[in-house]
Amino acid sequence: MNKDILKETIAELFSDHKGLLAMDESISTCNKRFAAAGIPETVEMRRKYRELIVTTKGLNEGIGGAILFDETVRQNTKDGIQMAEALKRNGIIPGIKVDKHAKPMAGFRGEKITEGLDGLRERLEEYKTLGMRFAKWRAVISIGENIPSVECIEANAVALARYAALCQEADIVPIVEPEVLMDGNHSIDKCYEVTEQVQKILFYQLYKYRIETEGMILKPNMIIQGDESDEKNSVDKVAEYTVNCLLASVPANVPAVAFLSGGQPPELATAHLNAINKNYKKRLPWTVSFSFARAIQQPALEAWNGKDENVEKAQALLYMRAKLNAIARSGQYNLSMEK
Ligand code: 5MM
């Protein structure tokens, strides 16, 4: 492991207030989003959609790195340029999702364990030759009756740690994503309690498995009530709970925290990121940025609707969300900018 390479990659990814774009939907997730928008669920439509994203002019003003899915890495733009190469030409570092999805955890009803460690060392070597400089692995933790179990949290934390070790061995920056899902009617307090527990167990396992915390990126959820909860929490309260939870559980030498959006409406995810950076500027030991999927892509996907004539409009919306999130990184965002 060359710690300097890892640190340089992280510094580049988040330079000039940039963040990450998660465009690594697996085939099933991408198809689900297409189906909801009435877009045909085909390989060619996925290719066209990804081409729309990677060729958006000026996207690098807000995005430093984009996380790709294996299918996309092997696809070209209509001009025959590999998607990762097109990203690079657009000033964006390509990265790759390497987990093989969260599967039901045997013996633990309602809980999932993320798979994908077998053969990972060899896959990382190949991805490196394809130009990938960072990777992502996502664990999902659900809140419900009597869950999450400590066993589910620990098993996922060990898998994240072993994935991160293999990435660092290959000088690829690991994004470590322990997502506590928003699904359910739980309170913001419950989300705080579970997320703190998950992150504390995660960092203990990262320590045990000898991960260099200075050479990784944490991709956590914000602290927010469940999507079926009646609770209303202000933007400032979400920011306060999120910052306190991170301060309680994340080592100060982790260089960057890049949030997932988790299904929050795009404007709200941006407002939360802004409040975190604006209200707590002096207390944050890490760069606090974004690694959104839906909160950046959703308006563009809907505007595109699978039609070539809508590409320009969709790209304008993608550019705008990326830019607004970069502004939120410096705490300068306000709602009037949405117009
Ligand atoms: C792009 O979505 C990713 C999910 O991929 P799967 O198809 O394997 O489920 C996901 O990991 C994503 O990167 C994060 O959850 C962030 O996305 P959101 O939409 O929460 O910002």
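Count residues from 1 along the sequence. In each ligand, atom 1 is the first atom listed, and ligand 1 is the first ligand listed.
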Peer 1: Please write down residue, atom name and distance for the protein heavy atom closest to atom 19 (O) of ligand 1.
Peer 2: Arg294 NE, 2.7 Å
Peer 1: Salt bridge check, Arg121 against Glu125: does any charged N sit closer than 4.0 Å to a carboxylate O?
Peer 2: no
Peer 1: So which protein heavy atom does atom 5 (O) of ligand 1 come closest to, and at what separation?
Peer 2: Lys97 NZ, 3.0 Å
Peer 1: So, applying salt bridge (Lys or Arg N to Asp or Glu O under 4.0 Å) with Glu12, which one of Lys18, Arg133, Lys7 is it?
Peer 2: Arg133
Peer 1: Linking I/L/V/M/F/W/Y whenever their side-chain heavy atoms sit closer than 4.5 Å, directly or via other members, would Leu218 and Trp286 fall into one cluster?
Peer 2: yes
Peer 1: Among protein heavy atoms, which lies nearest atom 17 (O) of ligand 1, and at what distance?
Peer 2: Ala293 CB, 3.2 Å
Peer 1: Below 4.0 Å from any atom of ligand 1, is there a heavy atom belonging to Gly262?
Peer 2: yes
Peer 1: What distance do Glu169 atom CD and Met1 atom CE have between them, rounded to the nearest 0.5 Å?
Peer 2: 9.5 Å
Peer 1: Return the closest protein heavy atom for atom 9 (O) of ligand 1 as residue, atom name and distance.
Peer 2: Arg138 NH1, 3.2 Å
Peer 1: Geometry only, no angles: is His101 polar-contacting ligand 1 at N/O separations under 3.5 Å?
Peer 2: yes
Peer 1: Check whether any side-chain heavy atom of Tyr241 lies under 4.5 Å from a side-chain heavy atom of Asn244, and answer yes or no.
Peer 2: no
Peer 1: Return the residue, atom name and 0.1 Å-rounded distance of the protein heavy atom closest to atom 21 (O) of ligand 1.
Peer 2: Ser261 OG, 2.5 Å
Peer 1: In plain terms, say whether Asp308 and Lys48 are close enough for a salt bridge, that is, a side-chain N and a carboxylate O under 4.0 Å apart.
Peer 2: yes
Peer 1: What pairs with Arg123 under salt bridge (charged side-chain N to carboxylate O under 4.0 Å, His left out), at least two apart in sequence or on another chain?
Peer 2: none
Peer 1: For Arg46, is there an ion pair with Glu51 - N to carboxylate O distance below 4.0 angstrom?
Peer 2: no
Peer 1: Look at atom NZ of Lys237 and say whether more than 12 heavy atoms of other residues, nucleotides or ligands are closer to it than 6.0 Å.
Peer 2: yes
Peer 1: I need the atoms of ligand 1 closer than 4.0 Å to a non-hydrogen atom of Thr29, numbered in the order shown.
Peer 2: 6 (P), 7 (O), 9 (O)
Peer 1: Without hydrogens or angle criteria, can the side chains of Tyr333 and Asn325 be said to hold a donor-acceptor pair below 3.5 Å?
Peer 2: no
Peer 1: At under 4.0 Å between heavy atoms, is it the side chain or the backbone of Met23 that contacts ligand 1, or both, or neither?
Peer 2: neither
Peer 1: Please identify which atoms of ligand 1 are closer than 4.0 Å to at least one heavy atom of Phe292.
Peer 2: 21 (O)
Peer 1: Heavy atom to atom 10 (C) of ligand 1, shortest distance: which of Gln298, Arg33, Lys136 holds it?
Peer 2: Lys136
Peer 1: Can you tell me if Gln297 contacts ligand 1 (heavy atom of the residue under 4.0 Å from the ligand)?
Peer 2: no
Peer 1: Between ligand 1 and Glu25, is the shortest N or O to N or O distance under 3.5 Å?
Peer 2: no
Peer 1: Do me a favour and list the nearest non-hydrogen protein atom to atom 2 (O) of ligand 1 with residue, atom name and distance?
Peer 2: Asp24 OD1, 3.9 Å
Peer 1: Among all protein non-hydrogen atoms, which one is nearest to atom 14 (C) of ligand 1, and what is the separation to 0.1 Å?
Peer 2: Glu177 OE2, 3.1 Å
